[in-house]
Amino acid sequence: MKKIGLLGGTFDPPHLMHLLIAQEALETCKLDEVWFLPSYIPPHIQGKIAHTGADDRQEMVSRAIMGNERFRLSTVEVRRKGKSYTVDTLRELKSQYPDNRFYFILGADMVDDLPTWHGIDELRRLTSFIGFRRPGFPAGNPARVDVIYIDMPLIDISSSILRRRLRDGRSCRYFLADAVIKYIRERQLYED
């Protein structure tokens, strides 16, 4: 049985903190692989929207994880289209890979939101969770799920900060993989 970590998100753009989170979960929880799941349309959590198309975000993730044989791109949510509910994704992955054990990776602040997630009762059966701690968010478990908490280095990077830097013409070197920066330039993403 393979232990697979799932890291979902908009990845708009995928940055080095996403890669650090995946690597830390991989090592700390002794996972075999981490699969990156770009959403097609993110569920409306805190007004989150995608600023670039799903195909561009998928390509940026592909370039960001290039060179790490234990990181993999999963296109399940982009292929399915529509809103990217985690329970639909887990149903599909469990159907395709019944022998794998899945661990959904998310921030500790999001663990507190799990009771409001679509299909949380089914999610409890389909997956375990890996919660990475963030300052100011105590490790709780209001949804009574199987959750493992891990520590993360404190680096404050977000896709919204990077979009602002790109729009302002500032450098994102060391925040983004060089291959992602090259793709953003080629496609002229985040310029408006």
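Excluded from the calculations below are hydrogen atoms, water molecules and symmetry mates; all remaining heavy atoms, backbone and side chain alike, are included. Note that the coordinates shown come from a computational prediction; the quantities given were computed from them, not determined experimentally.
- Partner Val34 forms a side-chain contact (heavy atoms from CB on, under 4.5 Å) with one of Asn68, Leu19, Leu26 and no other, that one being Leu26.
- You'll find the side chain of Ser39 stays beyond 4.5 Å of the side chain of Phe11, heavy atoms only.
- Taking 4.5 Å as the limit, some side-chain heavy atom of Arg91 sits within range of a side-chain heavy atom of Val87.
- A donor-acceptor pair under 3.5 Å links the side-chain atoms of Ser159 to the main chain of Pro13, judged by distance alone.
- Side-chain contact between Arg70 and Gln23 is absent, with no heavy atoms from C-beta onward closer than 4.5 Å.
- The side-chain heavy atoms of Val145 and Leu114, taken from C-beta on, include a pair separated by under 4.5 Å.
- With salt bridges taken as basic N to acidic carboxylate O contacts below 4.0 Å, none links Arg165 and Asp168.
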Could you pull out all donor-acceptor pairs under 3.5 Å where a side-chain atom in residues 170-184 meets a protein atom, sequence neighbours excluded?
{"from": "Ser171", "atom 1": "OG", "to": "Arg173", "atom 2": "N", "distance (Å)": "3.0"}
{"from": "Lys182", "atom 1": "NZ", "to": "Glu186", "atom 2": "OE2", "distance (Å)": "3.0"}
{"from": "Tyr183", "atom 1": "OH", "to": "Asp56", "atom 2": "OD1", "distance (Å)": "2.5"}

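- Both Ile4 and Leu123 are members of a single hydrophobic cluster when ILVMFWY side chains are connected at heavy-atom separations under 4.5 Å.
- Just one of Asp88, Thr75, Thr89 meets the side chain to side chain donor-acceptor pair (under 3.5 Å) condition when paired with Arg80; it is Thr89.
- A perpendicular orientation is assigned to the rings of Tyr97 and Phe102, their planes being inclined by more than 60° (bins at 30° and 60°).
- The side-chain hydrogen bond (donor to acceptor under 3.5 Å, both in side chains) test applied to Tyr103 returns Arg101, not counting sequence neighbours.
- Rounding to the nearest 0.5 Å gives a distance of 10.0 Å between CD1 of Ile21 and CG of Leu106.
- Every ring-ring contact (aromatic ring centres under 6.0 Å, His included) that His15 has, sequence neighbours left out, goes to His18.
- Judged by distance alone, the side chain of Ser62 and the main-chain N or O of Gln58 form no donor-acceptor pair under 3.5 Å.
- Atom-to-atom distance recorded for Arg164:CZ and Arg167:CZ is 7.0 Å, nearest 0.5 angstrom.
- Taking the side chain as every heavy atom from C-beta outward, Asp12 and Arg163 approach each other to under 4.5 Å.
- To the nearest 0.5 Å, atoms CZ (Phe129) and CG (Asn141) are separated by 9.5 Å.
- Trp117 and Ile130 end up in different hydrophobic clusters when Ile, Leu, Val, Met, Phe, Trp and Tyr side chains are linked at under 4.5 Å.
- Checked against a 6.0 Å centroid threshold, the rings of Trp35 and Phe71 do not count as neighbours.
- Under the 4.5 Å side-chain heavy-atom criterion for Ile, Leu, Val, Met, Phe, Trp and Tyr, Ile105 and Tyr149 are members of distinct hydrophobic clusters.
- Considering CZ of Arg72 and CG of Leu7, their distance stands at 15.0 Å, rounded to 0.5 Å.
- The shortest side-chain heavy-atom distance between Leu6 and Leu93 falls under the 4.5 Å cut-off.
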**OP:** Evaluate the salt bridge (charged side-chain N to carboxylate O under 4.0 Å, His left out) criterion for residues Lys3 and Asp32: first the C-alpha distance (whole Å), next the side-chain angles of each, then the deciding distance (0.1 Å), finally the verdict.
**Re:** CA-CA 5 Å; Lys3 294 171 66 177; Asp32 293 294; over 6 Å; no
